[in-house]
Student: 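First the structure, then my questions, so here it is.
The basis for the numbers below is simple: all heavy atoms, side chains too, and nothing from hydrogens, waters or symmetry mates.
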Amino acid sequence: MLSDLENILGYKFHNQHLLQQALTHSSHSARLCDNYERLEFLGDRVLGVAIASLLYRMFPNEPEGSLSQRHTGLVCKETVAEVALMLKLDKFMIVADEEIRHNENVLCDVCEAVIGAIFMDAGCDEAVNFVNQHWKELIDKNVAPPKDNKTLLQEVAHSKGLGNPIYELKGREGSEHEPTFYMSVALNGVEPQVGAGRNKKLAEQEAAAKMLDFLGYPHGHK
């Protein structure tokens with residue numbers, strides 16, 4: 001079964017336990033050595049660096065702002081979950097509840113865990129090669145850099161005469177090492193929306209996404 005997935009991934013593991021671990025949800029095993037959570041943490045970081053490197057080389061004439069927008073779009077949960085489905089990871093996931101296979105957050109996490117597993121199995125170069133192979137088509141499909149939610153909300157607010165979005169810190173929870181920030185965004189005459197994230201910038205992006213949803217305006221990334 002795992003060999004079938006290896007054929008889809010285009011990578012053969014030296015240690016298949018790493019692949020099995022990357023596919024195992026905590027609902028099936030709460031043991032850290034058996035589920036994907038630690039590998040997801042690693043894979044998330046590897047994906048970020050791999051995409052940054054790929055964009056740097058593919059778009060030598062673009063400024064930092066455009067590269068950042070492209071990067072945000074390529075590492076967001078929607079895009080990573082899309083890659084997970086392309087690789088059929090939902091079919092191979094090890095879960096206690098079948099509904100979990102359709103959860104976008106879990107699909108994203110498992111895909112990142114697979115990247116982390118490849119990193120642990122063969123090192124950085126193989127992990128980066130894997131990302132290059134499976135993300136390059138997505139870059140080629142989207143020639144123009146996507147707009148982040150804050151930029152998009154500002155444009156929508158101006159077009160509707162709602163003034164500039166105003167962001168405000170509403171609270172913070174968690175430890176110093178794993179905080180969660182809550183940021184609100186307000187527009188003239190519109191109910192404020194609150195977003196959460198592991199830093200203020202991510203919380204602002206989430207708040208902007210919720211405001212765009214509230215206004216009924218389509219957007220690409222949360």
Side-chain angles (χ1 to χ4, degrees), residues 1-13 16 18-26 35-59 66-95 98-149 198 202 205-206 209 218-222:
M1 178 180 176
L2 290 182
S3 60
D4 293 337
L5 177 56
E6 287 176 326
N7 290 334
I8 297 171
L9 298 176
Y11 177 78
K12 185 170 181 59
F13 279 81
Q16 276 204 343
L18 284 167
L19 178 56
Q20 183 170 340
Q21 182 180 349
L23 298 169
T24 302
H25 188 259
S26 57
N35 67 44
Y36 67 64
E37 292 178 358
R38 283 171 52 83
L39 287 172
E40 180 266 327
F41 165 82
L42 176 60
D44 175 57
R45 275 70 181 172
V46 175
L47 174 62
V49 171
I51 293 297
S53 175
L54 186 60
L55 292 174
Y56 186 87
R57 288 182 281 106
M58 287 184 68
F59 302 99
S66 294
L67 294 175
S68 293
Q69 290 174 19
R70 289 185 186 275
H71 189 276
T72 297
L74 290 164
V75 302
C76 74
K77 69 178 179 183
E78 291 87 352
T79 300
V80 183
E82 179 184 346
V83 174
L85 290 173
M86 283 168 36
L87 296 172
K88 303 187 186 304
L89 296 182
D90 55 319
K91 310 295 185 188
F92 292 90
M93 285 162 50
I94 303 167
V95 297
E98 290 298 308
E99 288 296 316
I100 294 174
R101 297 185 190 277
H102 311 293
N103 184 297
E104 188 174 58
N105 288 323
V106 175
L107 286 167
C108 172
D109 289 348
V110 169
C111 192
E112 290 174 343
V114 168
I115 296 170
I118 293 173
F119 180 93
M120 291 301 298
D121 193 59
C124 187
D125 287 347
E126 283 293 344
V128 170
N129 287 340
F130 175 82
V131 173
N132 290 350
Q133 178 183 349
H134 296 292
W135 263 261
K136 190 173 184 302
E137 182 180 340
L138 295 172
I139 299 174
D140 291 340
K141 280 197 310 184
N142 299 287
V143 177
K147 292 177 181 176
D148 66 87
N149 290 319
R198 64 178 178 268
L202 290 175
Q205 289 288 346
E206 178 68 16
H219 58 96
H221 309 293
K222 295 182 179 178

Student: For Leu138 and Val83, which heavy atoms make the closest approach, and how far apart are they?
Tutor: CD1-CG2, 3.6 Å

Student: Can you list everything that forms a side chain to side chain contact (heavy atoms under 4.5 Å, CB included) with Leu2? Sequence neighbours excluded, please.
Tutor: Gln16, Leu19, Gln20, Leu23

Student: When you compare the side chain of Leu89 with that of Ile8, does any pair of heavy atoms fall below 4.5 Å?
Tutor: no

Student: Which donor-acceptor pairs under 3.5 Å do side chains of residues 50-57 form with protein atoms, sequence neighbours excluded?
Tutor:
none

Student: As a quick check of understanding, evaluate side chain to side chain contact (heavy atoms under 4.5 Å, CB included) for Leu107 and Met93, giving each step before the final call.
Tutor: CA-CA 9 Å; Leu107 286 167; Met93 285 162 50; 3.9 Å; yes

Student: So which heavy atom on Cys111 is nearest to which on Trp135, and how close?
Tutor: SG-CH2, 3.9 Å

Student: Can you pull the salt bridge (charged side-chain N to carboxylate O under 4.0 Å, His left out) pairs that have at least one residue in residues 81-91, sequence neighbours excluded?
Tutor: Glu82-Lys141

Student: Could you list the donor-acceptor pairs under 3.5 angstrom formed between side-chain atoms of residues 115-132 and any protein atom two or more places apart in sequence or on another chain?
Tutor:
unit_1 : atom_1 : unit_2 : atom_2 : d
Asp121 : OD1    : His14  : N      : 3.3
Asp121 : OD1    : Asn15  : N      : 2.9
Asp121 : OD2    : Tyr11  : OH     : 2.5
Asp121 : OD2    : His14  : N      : 2.9
Asn129 : ND2    : Asp125 : O      : 3.2

Student: Can you measure from CD1 (Ile139) to CE (Met58) and round to the nearest 0.5 angstrom?
Tutor: 5.0 Å

Student: So, taking the atom named CD in Gln21 and the one named CD1 in Ile94, what distance separates them when rounded to the nearest 0.5 Å?
Tutor: 10.5 Å

Student: Using side chain to side chain contact (heavy atoms under 4.5 Å, CB included) as the criterion, list what pairs up with Arg45, not counting sequence neighbours.
Tutor: Phe41

Student: If you look only at pairs with a residue in residues 100-114, which of them pass as a salt bridge (charged side-chain N to carboxylate O under 4.0 Å, His left out), with sequence neighbours excluded?
Tutor: Glu98-Arg101

Student: Would you name the heavy atoms of Asp44 and Arg198 that are closest together and state the gap between them?
Tutor: OD2-NH2, 4.2 Å

Student: So, using salt bridge (charged side-chain N to carboxylate O under 4.0 Å, His left out) as the criterion, who are the partners of Lys136 when residues are at least two apart?
Tutor: Asp140

Student: How many angstroms lie between atom CG of Leu42 and atom CG of Leu47, to the nearest 0.5 angstrom?
Tutor: 11.0 Å

Student: Applying side chain to side chain contact (heavy atoms under 4.5 Å, CB included), name anything that partners Asp4, two or more places apart in sequence or on another chain.
Tutor: Phe92

Student: For Lys12, enumerate each residue passing the salt bridge (charged side-chain N to carboxylate O under 4.0 Å, His left out) test, keeping only those at least two apart in sequence or located in another chain.
Tutor: Glu6

Student: Atom CG in Leu39, atom CD in Glu37: separation rounded to 0.5 Å?
Tutor: 10.5 Å

